[in-house]
Participant: 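Quick one: structure below, then a few questions.
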Amino acid sequence: MDIQIRGVQKHYGSFHALRGIDLDIASGELLALLGPSGSGKTTLLRAIAGLEPLDGGQVKFGDIDATALTVQQRQVGFVFQQYALFKHMTVFDNIAFGLTVRPKKQRPDTATINQRVRELLELVQLGGLEKRYPAQLSGGQKQRVALARALAIEPRVLLLDEPFGALDAKVRKDLRRWLRQLHRETGYTTIFVTHDQEEALELADRVVVMNRGVIEQVGTTDQVWDAPATPFVYDFLGTPNVLPARVERGALLLNGATAVLAEAGAAPEGPVNVYTRPNELRIADSGDAAALSGTVVEIQRTGLLLRLGVQLLSSGETIEIELPNPDPAVQRWQLGDAIRVRPARYSLFPRKATITEVENGFDPTLTVAEHRERSRN
């Protein structure tokens with residue numbers, strides 16, 4: 001079942017939870033809604049389910065306008081973070097619940113319900129546990145029961161609201177792999193909400209990155225990781241180094257440096273920020289005129305990675321570089337060592353002064369070095 005979302009808006013008083021969302025979801029797709037708390041991702045999921053009435057816009061399931069349909073009429077399977085299982089019911093009865101409460105004319109006979117529940121127990125790998133109660137299950141098992149209950153009604157769409165948020169790290173990792181396999185087997189159009197970047201990138205066919213009620217970027221996992229569309233996406237999907245720079249006559253110059261780093265391509269003239277991840281920085285040799293000079297001020301060894309904090313001589317700011325962790329016997333970096341680095345890969349975004357910078361007389365068209373010179377005069 002494909003879904004079309006057009007101009008969807010949702011307000012809570014003066015708070016705009018969704019600001020005119022447009023989104024197309026393909027039939028059979030596994031889509032992640034990713035963003036921080038308050039970004040609107042859960043509100044959008046609930047709007048698709050019919051749990052939140054809209055203040056504007058339209059939701060279509062295929063050719064059907066679902067905007068005015070109830071949750072039951074939309075025939076969606078919804079899985080909550082906290083499972084929402086009935087404590088007084090067995091695993092079997094929890095899974096069968098959605099079928100047994102249907103109106104009599106739509107309710108399958110007992111034999112059909114029993115067969116459907118047994119099939120789902122095997123599908124979610126809980127065969128033999130049908131007589132247990134929720135209190136007798138682990139967190140991972142409870143979530144599998146919740147998924148089986150959502151699948152029992154043969155939904156048009158499967159919606160999951162942070163389905164692994166209440167589980168520990170190892171169980172989450174195991175269930176992510178299992179959910180991906182389950183999706184391949186069932187083929188349901190599936191939308192899940194998460195604030196976990198790793199979870200979204202590992203599971204989804206496409207990722208929708210949300211922020212303050214709008215969509216910042218939609219793309220495959222490779223697209224949002226390799227080519228973040230906005231500074232927010234870059235920042236949310238990691239911890240990039242942000243280096244102030246300037247584009248002059250088609251060349252990119254880092255603040256405080258006189259050498260050209262690279263051609264700026266189609267970037268507009270003026271102040272920009274260079275976004276580069278720690279693993280995208282490289283050690284440069286002394287003959288690299290475009291490299292940035294600095295001093296090693298922090299060393300951290302973590303498994304296969306070596307993280308160095310480098311204080312730049314040009315601006316005084318500290319950036320982070322990640323390198324493969326070499327054999328400790330040949331480790332040569334020490335605190336205070338001189339080092340030269342340059343970005344092997346980066347993105348450019350227009351540099352905008354913050355309110356505080358404007359109030360303090362900051363001119364974004366000047367480099368840091370020029371600001372220092374101005375303050376001395």
Participant: Find out if a path of hydrophobic residues (ILVMFWY) with successive side-chain heavy-atom gaps under 4.5 Å connects V296 to L292.
Facilitator: yes

Participant: To which residues is F232 joined in a hydrophobic cluster, defined by side-chain heavy-atom contacts under 4.5 Å among Ile, Leu, Val, Met, Phe, Trp and Tyr, whether direct or through other members?
Facilitator: L34, L201, V207, V209, V224, W225, V233, F236, L237

Participant: Show every salt bridge (Lys or Arg N to Asp or Glu O under 4.0 Å) that has at least one partner inside residues 138-158, sequence neighbours left out.
Facilitator: none

Participant: Less than 4.5 Å apart, any side-chain heavy atom of F78 and any of V71?
Facilitator: no

Participant: Rounded at 0.5 Å granularity, tell me how far CG in L54 sits from OG1 in T43.
Facilitator: 11.0 Å

Participant: For Q73, what residues pass the side chain to side chain donor-acceptor pair (under 3.5 Å) criterion, not counting sequence neighbours?
Facilitator: T70

Participant: With the side chain counted from C-beta on, respond yes when L44 and L18 share a heavy-atom pair under 4.5 Å apart, and no when they do not.
Facilitator: yes

Participant: Looking at R6 and D24, does any basic side-chain N land under 4.0 Å from a carboxylate oxygen?
Facilitator: yes

Participant: Once ring-ring contact (aromatic ring centres under 6.0 Å, His included) is applied, do any residues pair with Y275, and if so which ones, sequence neighbours excluded?
Facilitator: Y234, F349

Participant: Will you find, in the side chains of R307 and T302, an N or O donor that is under 3.5 Å from an N or O acceptor?
Facilitator: yes

Participant: CG of D285: more than 12 outside heavy atoms within 6.0 angstrom?
Facilitator: yes

Participant: Could you please spell out the steps behind the side-chain contact (heavy atoms from CB on, under 4.5 Å) verdict for L23 and V218?
Facilitator: CA-CA 9 Å; L23 181 63; V218 182; 4.1 Å; yes

Participant: Looking only at heavy atoms, what is the nearest atom pair of A245 and V274, with distance?
Facilitator: CB-CG2, 3.7 Å

Participant: Please list all pairs passing the salt bridge (Lys or Arg N to Asp or Glu O under 4.0 Å) test where one or both residues lie in residues 219-229, with sequence neighbours left out.
Facilitator: D226-R345

Participant: Do side-chain atoms of R277 reach the backbone of T239 as a donor and acceptor pair under 3.5 angstrom?
Facilitator: no

Participant: Are L123 and F92 linked, directly or through other ILVMFWY residues, by side chains that come within less than 4.5 angstrom of each other?
Facilitator: yes

Participant: Is there a chain of hydrophobic side chains (I, L, V, M, F, W, Y, each step under 4.5 Å between heavy atoms) that links L126 to L137?
Facilitator: yes

Participant: Less than 4.5 Å apart, side chain to side chain, heavy atoms only: is that true for T190 and L31?
Facilitator: no

Participant: What about L45 and I25, same hydrophobic cluster or not, with Ile/Leu/Val/Met/Phe/Trp/Tyr joined at side-chain heavy-atom distances under 4.5 Å?
Facilitator: yes

Participant: Tell me, please, which residues at least two apart from T112 pass side chain to side chain donor-acceptor pair (under 3.5 Å).
Facilitator: D109

Participant: Is there a chain of hydrophobic side chains (I, L, V, M, F, W, Y, each step under 4.5 Å between heavy atoms) that links L182 to V193?
Facilitator: no

Participant: State which residues pass side chain to side chain donor-acceptor pair (under 3.5 Å) with E320; sequence neighbours excluded, sorted by chain then number.
Facilitator: none

Participant: Between K87 (side chain only) and A135 (backbone N and O only), is there a donor and an acceptor less than 3.5 Å apart?
Facilitator: no

Participant: Checking L179 against L203 for the side-chain contact (heavy atoms from CB on, under 4.5 Å) test, could you report, in this order, the C-alpha distance in whole Å, the side-chain angles of both residues, the deciding distance, and whether it holds?
Facilitator: CA-CA 8 Å; L179 179 59; L203 267 177; 4.1 Å; yes

Participant: Atom CE in M1, atom CD in Q75: separation rounded to 0.5 Å?
Facilitator: 8.5 Å

Participant: Would V145 and I95 count as a side-chain contact (heavy atoms from CB on, under 4.5 Å) here? Give the steps.
Facilitator: CA-CA 7 Å; V145 173; I95 296 173; 4.1 Å; yes

Participant: For T230, check side chain to side chain donor-acceptor pair (under 3.5 Å) against everything at least two apart and list the hits.
Facilitator: E216

Participant: Could you tell me if the side chain of E162 sits less than 4.5 Å from the side chain of D196, heavy atoms only?
Facilitator: no

Participant: Distance check, rounded to the nearest 0.5 Å: L85 atom CG versus D93 atom CG?
Facilitator: 12.0 Å

Participant: Of all residues at least two apart in sequence or in a different chain, which pass the ring-ring contact (aromatic ring centres under 6.0 Å, His included) check with F86?
Facilitator: F97

Participant: Rounded to the nearest 0.5 Å, what separation is found between the CD1 atom of I113 and the CG atom of L99?
Facilitator: 5.5 Å

Participant: Between S39 and N211, do the side chains contain an N or O donor and an N or O acceptor separated by less than 3.5 Å?
Facilitator: no

Participant: If I compare all heavy atoms of L159 with all of A49, which pair ends up nearest, and what's the gap?
Facilitator: CD1-CB, 3.5 Å

Participant: Let me confirm one number: the CG-CD1 distance from N241 to I319, rounded to the nearest 0.5 Å.
Facilitator: 5.0 Å

Participant: Check for a donor-acceptor pair, side chain of Q217 on one end and backbone N or O of A229 on the other, with a separation under 3.5 Å.
Facilitator: yes

Participant: With the side chain counted from C-beta on, respond yes when V76 and I48 share a heavy-atom pair under 4.5 Å apart, and no when they do not.
Facilitator: no

Participant: Look only at the side chain of E130 and the backbone of G128, and say whether a donor-acceptor pair between them is shorter than 3.5 Å.
Facilitator: yes

Participant: Which heavy atom in Q136 sits nearest to a heavy atom in R132, and how many Å separate them?
Facilitator: OE1-CA, 3.3 Å

Participant: Can you tell if the side chain of I299 reaches within under 4.5 Å of the side chain of L335, non-hydrogen atoms only?
Facilitator: yes

Participant: Under the side-chain contact (heavy atoms from CB on, under 4.5 Å) rule, what do M210 and V208 come out as? Steps first, then yes or no, please.
Facilitator: CA-CA 6 Å; M210 298 187 66; V208 179; 4.0 Å; yes

Participant: Can you pull the salt bridge (Lys or Arg N to Asp or Glu O under 4.0 Å) pairs that have at least one residue in residues 26-51, sequence neighbours excluded?
Facilitator: E29-R206, R46-E52

Participant: For residues L306 and W333, determine if any side-chain heavy atom of one lies less than 4.5 Å from a side-chain heavy atom of the other.
Facilitator: yes

Participant: Do you know the tightest heavy-atom contact between T67 and G57?
Facilitator: CG2-O, 3.9 Å

Participant: What is the distance from atom CG of D22 to atom CD of Q58, rounded to the nearest 0.5 Å?
Facilitator: 10.5 Å

Participant: Tell me if a side-chain donor or acceptor on Q141 pairs with a main-chain N or O of S138 at a distance below 3.5 Å.
Facilitator: yes

Participant: Could you tell me whether the side chain of R74 and the main chain of L69 form a donor-acceptor pair under 3.5 Å?
Facilitator: yes

Participant: Main chain of T100, side chain of R107: is a donor-acceptor contact present, judged purely on distance under 3.5 Å?
Facilitator: yes

Participant: Provide the closest heavy-atom pair for A291 versus A284 in the form atom of the first, atom of the second, distance.
Facilitator: CB-CB, 3.5 Å

Participant: Using a 3.5 Å distance criterion without hydrogens, assess whether the side chain of D65 forms a donor-acceptor pair with backbone atoms of K60.
Facilitator: no

Participant: Scan residues 171-213 for pairs that pass ring-ring contact (aromatic ring centres under 6.0 Å, His included), counting only residues two or more places apart or in two chains.
Facilitator: none

Participant: So, does T295 use its side chain to make a donor-acceptor pair with the main chain of G336 at under 3.5 Å?
Facilitator: no

Participant: Going by heavy atoms in the side chains, are L147 and L160 under 4.5 Å from each other?
Facilitator: yes

Participant: Where is the tightest heavy-atom contact between P134 and M89, given as atom of each residue plus distance?
Facilitator: CD-O, 3.2 Å

Participant: May I have all residue pairs that pass salt bridge (Lys or Arg N to Asp or Glu O under 4.0 Å) and include part of residues 175-186, sequence neighbours excluded?
Facilitator: D174-R177, R176-E198, R176-E199, R176-E202, R180-D205

Participant: Check for a donor-acceptor pair, side chain of T276 on one end and backbone N or O of P343 on the other, with a separation under 3.5 Å.
Facilitator: no

